[in-house]
Every structure is written in C-alpha cells, then in structure tokens.
Amino acid sequence: MNGISVGILGTGKYVPERRLTNQDLEQMVDTNDEWIVTRTGIRERRIAAPEQATSDLAYEASVQALKSAGITADELDLIIVATITPDMFFPSTACLLQEKLGAKKAAAFDLSAACSGFIYGLANANALIATGMYRHVLVVGAECLSRITDYTDRNTSILFGDGAGAVVLGHVPEGRGFKSFKLGADGAGGDLLRICGGGSRLPSTEQSVSDRRHFIEMNGRDVFKFAVRVMGSAAEEALSSAGYEKADIDLLIPHQANIRIIQSALERLNLSEDKAMINLDRYGNVSAASIPLALAEAVEQGRVNEGDCLVLVGFGGGLTWGASVLIW
Ligand code: UT7
C-alpha cells in the first residue's frame, strides 16, 4: 500500500464486571468445566449488566482509545462500529456512540461481518484515511452476545461473552502502520452460523420467539473446520501481499474463538504459543470485539513494541474472514 501511512494511534477496551464461569454453566446446561476447558480453552466470560447495551460497552472502550491516541472526540471524522448485537435495528450503534462521545463532526455507521467485523472495519478506515478523505477514524468492535445466546443450548452457551475494544486510526510515520489487508467471504456457508428470527425473512412473532429463532444457531464442527482452514491461509496471504515472511511475525492477534483453532493457526505459521495474544480463557468469544480487546490487552501488558510486526486474523459468520499485517 502506497501513499499516506495509516496506523493505530490509540487502543481501548472495556469488559463488564459480571463473570459467568464454567461452574456457573454446569448449573445451567449439561456440561462440565473439564469438557469446556479441553475443547475450547474458555474458563469464564463477562456478561453485561441488564441496563448495559452494546453502545455503552463501546463508549467505555472508545473513551480509553481516544485518551491513548491523545485526541478529542471532536477530532474524529468517522466512527465505525463492527457488531452483530446493535442496541437496536436503527439508529446504528455508531450513531448512538457518536452522540455519547459528543463526536459532532464524525460520520457514523455500523458494519456487519460477524467476528471478522473489526478487521473489515480497519480495512475501510485505512482506505478512507489513505485517500486523504479523513484524518481520524474510530473503529470499535463491541458485542453483547449474552443477549442473543440460548442458555439452554450447551453447544453455544459455553462460548460467548460480552465486551468491547476500540482503536483510533490516523497518520503514522512512513514505514509503520498497515501493510496489507486480506478480506474474504463465502455466503454459501451462511447457514453454519446465524440468527434467523427478527429480520425481514422471519420477522419476530410469538411463534418465532417460542421456537427460539432469535438466538445464535451454529454448526460447531463445520465452523471449526472452516476456521482451521482459513485462519492460516488468510494470515499467509496478508503476509505475502505485504512482502513479509512468517518468521517476521512478532505477535499474532487472532480471533478468540477456540484455543484449538488458534493452535492450528500457530502451527501453520510455525509460531510458538508465546507469539500469540490469548485471552479467551477470561472472556470467551466476543465476536467483533475479540481482536481489538486482545490487541488493547497486548498493548496494556507491554507485549507490543515500536516496529513490531503484528498479524491480526479472524473468521466468522457470513462466512467471512480477514487478516492484516501491521507494523506498530
Ligand atoms: O466466532 C465463530 C464462532 N464459532 C466458533 O468458533 C465455533 C467453532 N467450533 C468449535 O469451537 C467447536 O466445534 C465446539 C467447541 C463448538 C465443539 O467442540 P467439538 O470438539 O467440535 O465437539 P463436537 O461438536 O464434535 O461434540 C463432541 C461431543 C458431542 O457428543 P457425542 O455426540 O460425541 O456424544 C457433543 O454432544 O461433545 C458433546 N458436547 C458437549 N459436551 C459437554 C457438545 N457441547 C458440549 C458441552 N459440554 N458444552
């Protein structure tokens, strides 16, 4: 990518206080801590308080990101919120966030690409800044997945949690910033991971609600196979289009869905586990929020240094996937 160098100026994160542990889930569905830990790596997730919605989580993460970028909300030109759990159909969560932040000069829209949404958002923001159209863009991944999770279904209820991560994108010195993006989609796999109820195909009715169609439906095994295939290949393609090698990676920031999926990506990239930021044991899968949350924690923990080569990679419903190479 030529021209203006675009990178991350600041990061932020927020997770709600309430923890839902594997032991709690043992009381709710037919499962056990040992199964969940060995099959997924997850030990607990965070659950939003009843009065919290996605824009509230997004707000907390965004305030931190703005502070760490050293800019004010009125310097934002655009807000992109990647989410599958908007506060409501419309107005967009990005508009609700714009109002909460007082980002009066910012345009705002939501982006729907499930767990790949944050990387899709980065790609959009990067392009808009690189063309000179905008200077500062806030990209947020925020989810209240507990609101769309069926806590009678042991296949899905063990996986998901709530949280938010945010970054501010802007100009960075030459040689730094985003080096490539690889985005992909395969609509043929749309029925592997979805919510059918409440949309224009199946509007909410008493029947659709009693059939539990407003909750996540997932074919876990097929999503797993897809994820294993695409995580490695998307990362490799992003590396090669940036002109980097696997050995150049200092830190992998993967979508936090399942430790076994992350391990298979590490294997494919010839990386040891200490080269990946992993926090799914504490937060579970937070969909679009998982990559920015992991990135913000990596920064907080001092695991990201100037000049480091980061690879961000994720996959999700759609099906969708995305990867990016970023020099910090
Ligand atoms: O962001 C993208 C979102 N989705 C994903 O990333 C999901 C990707 N898939 C996965 O992570 C895994 O497929 C799961 C964690 C969902 C499931 O793990 P698995 O190793 O693929 O298990 P499985 O579905 O093949 O099930 C194995 C067994 C089954 O029993 P039988 O048929 O062998 O008797 C399941 O009924 O484990 C059973 N099982 C459970 N047992 C205890 C399924 N869920 C549970 C559970 N506790 N929660």
Side-chain angles (χ1 to χ4, degrees), residues 1-13 61-62 64-71 76 80 82 116 118-130 134-141 164-183 231 234-256 262 265-266 269-279 288-314 322-328:
M1 292 188 291
N2 303 316
I4 299 169
S5 298
V6 181
I8 292 178
L9 306 180
T11 57
K13 62 154 206 187
S62 300
Q64 255 190 34
L66 287 167
K67 193 171 170 219
S68 108
I71 68 159
L76 287 174
I80 301 175
S116 315
F118 181 72
I119 297 196
Y120 270 63
L122 290 179
N124 275 277
N126 172 71
L128 290 166
I129 297 170
Y134 291 136
R135 192 168 177 98
H136 294 124
V137 180
L138 176 68
V139 183
V140 186
V167 295
V168 175
L169 265 62
H171 296 178
V172 293
E174 212 185 314
R176 307 259 282 278
F178 293 103
K179 295 294 167 190
S180 69
F181 283 97
K182 177 71 200 169
L183 304 180
M231 288 277 276
E236 281 177 359
E237 285 172 38
L239 279 168
S240 91
S241 82
Y244 285 79
E245 310 274 335
K246 294 175 192 177
D248 295 325
I249 301 175
D250 292 300
L251 190 63
L252 184 75
I253 314 274
H255 173 44
Q256 311 280 317
I262 296 176
L266 286 169
L269 298 168
N270 304 326
L271 298 174
S272 54
E273 204 159 307
D274 63 321
K275 290 270 184 167
M277 179 63 203
I278 297 169
N279 62 6
S290 90
I291 291 176
L293 195 51
L295 176 64
E297 282 206 352
V299 171
E300 218 173 67
Q301 293 171 9
R303 293 187 64 179
V304 184
N305 302 302
E306 253 180 56
D308 277 358
C309 175
L310 271 54
V311 172
L312 281 50
V313 60
S324 179
V325 174
L326 168 66
I327 304 301
W328 195 256

How long is the span from the [atom1] atom in [X] to the [atom2] atom in [Y], to the nearest 0.5 Å?
X	Y	atom1	atom2	result
Ser5	Asn126	OG	CG	9.5 Å
Leu9	His136	CG	NE2	5.5 Å
Met277	Ile253	CE	CD1	7.0 Å
Lys13	Ser68	NZ	OG	12.5 Å
Leu271	Leu252	CG	CG	6.5 Å
Glu297	Gln256	CD	CD	9.0 Å

Tell me every residue that passes side-chain contact (heavy atoms from CB on, under 4.5 Å) with [X], counting only those two or more places apart in sequence or in another chain.
X	result
Ala166	Ala61, Ser62, Ala65, Leu138, Val140
Ala125	Ile80, Val137, Val139, Leu169
Ala288	Ala82, Glu143
Leu183	Ile119, Tyr120, Ala123

Arg176 and side chain to side chain contact (heavy atoms under 4.5 Å, CB included): which single residue from Ile8, Ile327, Val6, Leu326 fits?
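The residue from Ile8, Ile327, Val6, Leu326 that satisfies side chain to side chain contact (heavy atoms under 4.5 Å, CB included) with Arg176 turns out to be Ile327.
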Result of checking Leu295, Leu251, Val172 against Trp328 for side chain to side chain contact (heavy atoms under 4.5 Å, CB included):
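Only one option passes, and that is Leu295.
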Pairs satisfying salt bridge (charged side-chain N to carboxylate O under 4.0 Å, His left out), at least one member in residues 164-174, at least two apart:
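Listed by first then second residue: nothing to list.
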Report the residues that fulfil salt bridge (Lys or Arg N to Asp or Glu O under 4.0 Å) with [X], sequence neighbours left out, ordered by chain and then residue number.
X	answer
Glu273	none
Lys67	none
Glu245	none

Heavy-atom pair of closest approach, residues Ala296 and Gly12
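It is CB-O, 3.7 Å.
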Does Ser290 use its side chain to pair, donor to acceptor, with the backbone of His255 at less than 3.5 Å?
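Not a single qualifying donor-acceptor pair exists.
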Set of side-chain hydrogen bond (donor to acceptor under 3.5 Å, both in side chains) partners for Glu236, sequence neighbours left out:
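With neighbours one apart ignored, the set is Lys246, Arg268.
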Going by the rule side-chain hydrogen bond (donor to acceptor under 3.5 Å, both in side chains), which residues pair with Ser324 if we only count those two or more places apart in sequence or in a different chain?
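With neighbours one apart ignored, the set is empty.
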Would you give me the side-chain donor-acceptor pairs under 3.5 Å for residues 303-313, sequence neighbours excluded?
unit_1 : atom_1 : unit_2 : atom_2 : d
Arg303 : NH2    : Asp274 : O      : 2.8
Arg303 : NH2    : Ala276 : O      : 3.3
Asp308 : OD2    : Asn305 : N      : 2.9

